[in-house]
Number of protein chains: 2
Amino acid sequence: MTKPLVTILDDEPEIRNMLSEALEEAGYRTASFARATEFEASLKTSSPEVCLVDLGLPDKDGLALVHRLALESGASIIIISGRAQVQDKITGLELGADDYIIKPFDPSEVVARVRARMRSVKPVGRTSDTAIFSGWTANFETYLLIDDEGAEVPFSHAEGEVLRLFLNNPKRLISRVQMQESLGGAAGESFDRAMDVRISRLRTKLREDPKNPQLIKTIYGAGYIFLGDVVWS
Amino acid sequence: MTKPLVTILDDEPEIRNMLSEALEEAGYRTASFARATEFEASLKTSSPEVCLVDLGLPDKDGLALVHRLALESGASIIIISGRAQVQDKITGLELGADDYIIKPFDPSEVVARVRARMRSVKPVGRTSDTAIFSGWTANFETYLLIDDEGAEVPFSHAEGEVLRLFLNNPKRLISRVQMQESLGGAAGESFDRAMDVRISRLRTKLREDPKNPQLIKTIYGAGYIFLGDVVWS
DNA sequence: GGAGGCTTGTTACAATTCGTTAGATTCCAG
DNA sequence: CTGGAATCTAACGAATTGTAACAAGCCTCC
């Protein structure tokens, strides 16, 4: 089995070294980047399980990067930051980070937290733009679904969020709670029917038979499960 | 929709109050416990999304509890502890906790970290997906029963639970109590007729002759037994 | 500005699931 | 056989989910 990959994004060389050393010691593959642009380029070709991201980057807003990563990739995100204010932590976590570690840190704690993320991590997850599944090709750049005969069906941003969540977590039960939290929204509000409607609309576009959906199954009282073999490319 | 449930296990009343208040404000349901035994009892009847566990408990070893929780429940576990040593954190995370927060803490950070846990999709126990028995193929991914002529009969989640229990324990007596326990319901209530109904519905789908069931036999006064040679694949 | 189109949340009601109830049926001891 | 307990299942209803229809917000193009 190939070792799981952890990417490190930090502009300080010592920190990159310290982290990659500790993580490789612990049995992970690592890839380090000093700049956000290089890091983002790497996501086109590799899909890390966990990303360690320093917020104080020279060339880009770290929080925006975190947000995009959280929505589009299946990777777990751990923020590493010198800012220890509660509000900073909350903002980071709210934007989709899975954990927030304050500098200075002990490398072994980072390893332990990375390992904790690995346990619940989504196995696939790419930041790439197209996914192929069950006779469909979804393109998240053009927001088009293309069937096996080449017919194009456009989908909206909201539908895309749901679709991407499914495509990043195929054949897994996704509870409504997780879905709402992942797609940004407070818990337990009357908002909840919006979720159903999004799914209903997505089902229509995927030409699901309402009585007998093949791709998006409802598990009464539990959530949804996306069947279909997904290949990102 | 039912709000997601967060349980709080801490022996200090002020902390319980502070946390439950903040979490309910954020739209979650909470249940608080001062003792591990009460907490464990509650798990029989409810399944929280996230558990906040204080390690310094009077009546039980917190770390052992965390470990058991991590293995046996599907909940995410966040340790709350006064011990700030790196080694303590590592031990806690290694035993299966998903996060580790040090006292004193800001309630809103706890809320943010709870929300982060809600988002992550926990992998389910990867039991296999299809079983073949007595002319039927049960597919737990698609929730379909397929007979030897290829005809499809969908089954529901509740029916699937019963069916899976039978298929995992063929040719073995399963008492009513065992069945309820493993299907999560509280035992011994007058509610137990639900079990019968589930089985009745399952029998209908398996086209059992009510007078003379071949697959699901009732043992009067004892329970049920599933006959049939099961092959999982 | 405003008309028209698109997106998306909200509402209302329909459909489905599944526990509960209640009577019918079956089982077995006496 | 008979009575009482255990089990079966039709039918009802509460909770959950599906979706059509409406409305609000935001574009773009005149």
Side-chain angles (χ1 to χ4, degrees), chain A residues 140 142-145 152-163 173-180 183-186 188-226, chain B residues 1-5 29 45-46 143-144 153-163 165 173-177 179-180 183-225:
Chain A
F140 288 93
T142 57
Y143 283 90
L144 283 176
L145 275 164
E152 297 180 344
V153 180
F155 59 89
S156 72
H157 180 65
E159 287 153 3
E161 283 189 331
V162 179
L163 181 57
L173 177 68
I174 301 173
S175 74
R176 300 163 94 65
V177 175
Q178 288 165 339
M179 192 167 289
Q180 276 190 200
L183 305 185
E189 295 304 307
S190 71
F191 291 34
D192 52 358
R193 310 315 314 282
M195 207 68 256
D196 301 55
V197 178
R198 284 195 190 187
I199 287 179
S200 170
R201 287 172 178 151
L202 188 54
R203 276 180 171 147
T204 307
K205 297 210 169 164
L206 289 171
R207 301 190 202 121
E208 293 267 70
D209 174 8
K211 306 287 173 187
N212 187 25
Q214 296 299 301
L215 280 170
I216 303 174
K217 284 262 183 184
T218 304
I219 314 297
Y220 183 91
Y224 298 94
I225 190 166
F226 182 84
Chain B
M1 186 189 71
T2 53
K3 301 176 180 177
L5 176 65
R29 266 157 60 227
T45 54
S46 68
Y143 284 88
L144 285 175
V153 181
F155 57 89
S156 74
H157 183 59
E159 288 154 4
E161 284 188 326
V162 179
L163 181 57
L165 184 63
L173 176 68
I174 301 172
S175 76
R176 231 160 229 291
V177 178
M179 191 167 292
Q180 286 196 177
L183 302 188
E189 297 302 309
S190 71
F191 303 171
D192 57 356
R193 312 326 316 278
M195 210 65 257
D196 304 21
V197 178
R198 285 196 191 186
I199 288 176
S200 168
R201 286 174 178 150
L202 188 54
R203 276 179 171 148
T204 307
K205 297 211 169 165
L206 289 170
R207 303 191 200 119
E208 293 267 70
D209 174 9
K211 309 286 175 185
N212 186 25
Q214 295 300 301
L215 280 170
I216 304 174
K217 291 258 188 193
T218 303
I219 312 297
Y220 185 89
Y224 298 94
I225 192 165

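Below, read A as the first sequence line, B as the second, and so on, with proteins coming before strands; counting in each chain starts at 1.
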### Query
Between Leu173(B) and Ala222(B), which heavy-atom pair has the shortest distance, and what is it?
CD2-CB, 4.1 Å

### Task
Would you classify Tyr224(A) as touching base, sugar-phosphate or nothing, given that sugar-phosphate means primed atoms plus P, OP1 and OP2, and contacts are heavy atoms under 4.0 Å?
sugar-phosphate

### Query
Is there a side-chain contact between Phe226(A) and Ile174(A), using heavy atoms and a 4.5 Å cut-off?
no

What are the atom names and distances for every N/O pair under 3.5 Å that joins the protein to nucleotides 5-8 of chain C?
from, atom 1, to, atom 2, distance (Å)
dT8(C), OP1, Ala158(A), N, 3.1
dT8(C), OP2, Ser156(A), OG, 2.1
dT8(C), OP2, Ala158(A), N, 3.3

### Gap between atoms CG and C1', on Leu202(A) and dT17(D) respectively (whole Å)
16 Å

### Query
Which angle, rounded to 10°, do you find between the first-five-pair axis and the last-five-pair axis of the helix from dG1(C)-dC30(D) to dG30(C)-dC1(D)?
10°

### Task
Could you tell me the separation between the CG atom of Leu206(A) and the P atom of dG18(D), rounded to a whole number of Å?
14 Å

### Task
Can you tell me the distance, in whole Å, between the CD1 atom of Ile199(A) and the P atom of dG18(D)?
7 Å

### Task
Please work out which of the three classes, parallel, tilted or perpendicular, describes the rings of Tyr143(B) and Phe155(B), given edges at 30° and 60°.
tilted

### Task
Under the ring pair (Phe, Tyr, Trp, His ring centres under 6.0 Å) rule, collect the residues that match up with Tyr220(A), sequence neighbours excluded.
none

### Task
Find the distance Tyr143(B):OH to dT17(C):P and express it as a whole number of Å.
13 Å

### Message
Looking at Arg193(B) and dG19(C), is any side-chain donor or acceptor paired with a base atom of the opposite kind under 3.5 Å?
### Response
no

So which protein N/O to nucleotides 23-27 of chain D N/O distances come out below 3.5 Å?
none

### Query
CG of Leu206(B) to CG of Asp209(B): how many Å apart, nearest 0.5 Å?
13.0 Å

### Side chain proximity check, Arg207(B) to Val153(B), heavy atoms < 4.5 angstrom
yes

### Summary
Separation between CD (Gln214(A)) and CG (Leu144(B)), nearest 0.5 Å, reads 7.0 Å

### Message
How many whole angstroms separate atom CG of Asp196(B) from atom C1' of dT21(C)?
### Response
13 Å

### Query
Rounded to the Å, how far apart are Asn212(B) CG and dC8(D) C1'?
15 Å

Under 3.5 Å between N/O atoms: give me all the protein pairs with nucleotides 24-30 of chain C, atom names plus distance.
from, atom 1, to, atom 2, distance (Å)
dT26(C), OP1, Lys211(B), NZ, 2.9
dC27(C), O2, Tyr220(B), OH, 3.4

### Task
Using only side-chain N and O atoms of Thr218(B), determine if any of them is under 4.0 Å from OP1 or OP2 of dC8(D).
yes

### Task
Supply the atom-to-atom distance Glu161(A) CD to Arg198(A) CZ, rounded to the nearest 0.5 angstrom.
5.0 Å

### Query
Roughly, in whole Å, what's the span from CD in Glu208(B) to P in dT9(D)?
10 Å

### Message
Tell me the interatomic distance from Met179(B), atom CE, to dG19(C), atom P, rounded to whole angstroms.
### Response
13 Å

### Query
Residues two or more places apart in sequence or in another chain: which of them pass side chain to side chain donor-acceptor pair (under 3.5 Å) with Glu159(A)?
Ser156(A), Lys205(A)

### Query
Any donor and acceptor pair, going by atom type alone, linking the side chain of Glu208(A) with main-chain N or O of Leu215(A) inside 3.5 Å?
yes

### Query
Hey, are the side chains of Thr218(B) and Ile199(B) touching, using non-hydrogen atoms and a 4.5 Å cut-off?
no

### Query
Measuring from Ile219(A):CD1 to Tyr224(A):OH, what's the distance to the nearest 0.5 Å?
10.5 Å

### Query
Got Asn212(A) and Lys217(A) here, is their nearest side-chain heavy-atom distance under 4.5 Å?
yes

### Query
Checking side-chain contact (heavy atoms from CB on, under 4.5 Å) for the pair Leu145(A)/Leu163(A): CA distance, chi angles, key distance, verdict?
CA-CA 11 Å; Leu145(A) 275 164; Leu163(A) 181 57; 4.2 Å; yes

